[in-house]
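Just so you know, these numbers come straight off a predicted model, no measurement behind them.
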Amino acid sequence: MTTYERLLKIRAERGGGYLVLLDPDKTDAEQLPRFVQTATEAGVDGFLVGGSLLFNNEFDQHLRIIKQSTNLPVMIFPGSLLQVSPVADAILFLILISGRNPEHLIGNQVLAAPIIKRMGIEAISTGYMLIGTGKVTSAEFMSNTKPIPNNKPDIALAHALAAEMIGLRLLYLDAGSGADESVPEQMIETIARSCSLPLIVGGGIRTPEEARRKIEAGASFMVTGTVTEQNNHHSTFKDFANAVHSALPLHRPR
Ligand code: 1GP
């Protein structure tokens with residue numbers, strides 16, 4: 001089964017999935033096994049690994065430790081071209097569709113594609129949309145693009161529909177790591193009602209209740225990074241996992 005199929009299976013069986021983001025700069029290699037094992041035992045559904053800017057040059061080694069510590073899907077969420085590795089189960093092949101920077105629409109993808117092909121790693125094409133909260137996030141600054149304003153669900157929907165028609169396989173709505181406000185439920189609902197692509201939502205989600213609302217609005221997967229880096233206890237992961245898995249998705253895509 002491919003990683004993409006595993007994601008779809010998680011959504012079908014659990015109603016929604018809970019993914020934990022690991023930024024190699026923010027978690028020590030020595031603490032990684034315990035972090036990953038704790039999250040796995042607590043019921044999370046998979047891991048994303050990456051960051052907008054990495055000072056750490058042991059990306060492969062981090063991935064190896066993560067893979068040795070869990071049987072769950074481990075996917076690269078690349079912040080740059082340097083974040084490509086054969087060790088992961090898959091890479092989210094991101095197209096920054098909310099922006100108009102050609103390097104992030106096709107330039108970097110052309111550079112990365114032959115390397116990914118040679119590594120034999122599964123690439124999951126993902127329409128990546130930055131959703132603005134007014135405050136500049138690392139992703140916005142580093143990508144040199146403008147995010148979609150978070151009070152414009154119609155603009156977000158038009159981008160989502162374009163991604164679907166182009167043939168991308170996932171959508172990722174990201175308010176940016178540590179954002180003051182997460183992606184509004186109204187925007188998620190507007191997209192989920194009309195677009196059949198599985199929707200990942202992350203950035204600024206701090207409580208299990210907020211996570212539940214994202215799934216109930218129509219997200220297929222939600223992501224925490226900052227809150228679980230700061231509080232990596234079994235109970236934290238479990239509370240988020242339970243909230244996601246017990247949510248009642250009202251607007252599951254057709
Ligand atoms: C950022 O969606 C992720 O790309 C996670 O964001 O760190 O705010 O949880 P947080």
Q. Step by step, would you call Glu164 with Leu161 a side chain to side chain contact (heavy atoms under 4.5 Å, CB included)?
A. CA-CA 5 Å; Glu164 184 176 30; Leu161 293 174; 3.7 Å; yes
Q. So Leu22 and Leu32, side chain to side chain contact (heavy atoms under 4.5 Å, CB included) or not? Walk me through it.
A. CA-CA 9 Å; Leu22 285 161; Leu32 259 184; 4.0 Å; yes
Q. Taking it one step at a time, do His233 and Asn231 satisfy side chain to side chain donor-acceptor pair (under 3.5 Å)?
A. CA-CA 6 Å; His233 305 302; Asn231 191 353; 3.2 Å; yes
Q) Val20 and Phe35: side chain to side chain contact (heavy atoms under 4.5 Å, CB included), yes or no, with the steps? A) CA-CA 10 Å; Val20 171; Phe35 183 110; 3.9 Å; yes
Q: Go through the steps to decide whether Arg64 and Gln61 satisfy the test side chain to side chain donor-acceptor pair (under 3.5 Å), and finish with yes or no.
A: CA-CA 5 Å; Arg64 226 167 266 122; Gln61 179 56 11; 3.3 Å; yes
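Here the side chains of Leu171 and Ile97 are in contact, with some heavy-atom distance below 4.5 Å.
Taking the six-membered ring for Trp and the full ring otherwise, Tyr18 and Phe237 have centroids separated by 6.0 Å or more. In summary, the aromatic rings of Tyr128 and Phe93 are positioned with their centroids too far apart to meet the 6.0 Å limit.
With respect to the salt-bridge test (charged N to carboxylate O, under 4.0 angstrom), the residues Glu210 and Arg206 do not qualify. The pair Arg6-Asp45 fails the salt-bridge criterion, with no side-chain N (NZ, NE, NH1 or NH2) lying under 4.0 Å from an Asp/Glu carboxylate O. With salt bridges taken as basic N to acidic carboxylate O contacts below 4.0 Å, one links Glu189 and Arg193. Salt bridge absent: Arg213 and Glu216 never bring a charged side-chain N and a carboxylate O closer than 4.0 Å.
Under the side-chain hydrogen bond (donor to acceptor under 3.5 Å, both in side chains) criterion, the residue pairs touching residues 136-157 are Ser143-Thr145, Asn150-Glu181, with sequence neighbours excluded. Sorted by first and then second residue, the salt bridge (charged side-chain N to carboxylate O under 4.0 Å, His left out) pairs with a member in residues 113-137 read Lys135-Asp180; sequence neighbours excluded.
Thr126 and Arg169 share no donor-acceptor pair across their side chains, judged by distance under 3.5 Å alone.
The cationic group of Arg11 does not satisfy the cation-pi geometry with Phe221, failing either the under 6.0 Å distance to the six-membered ring centre or the 45° limit from the ring axis.
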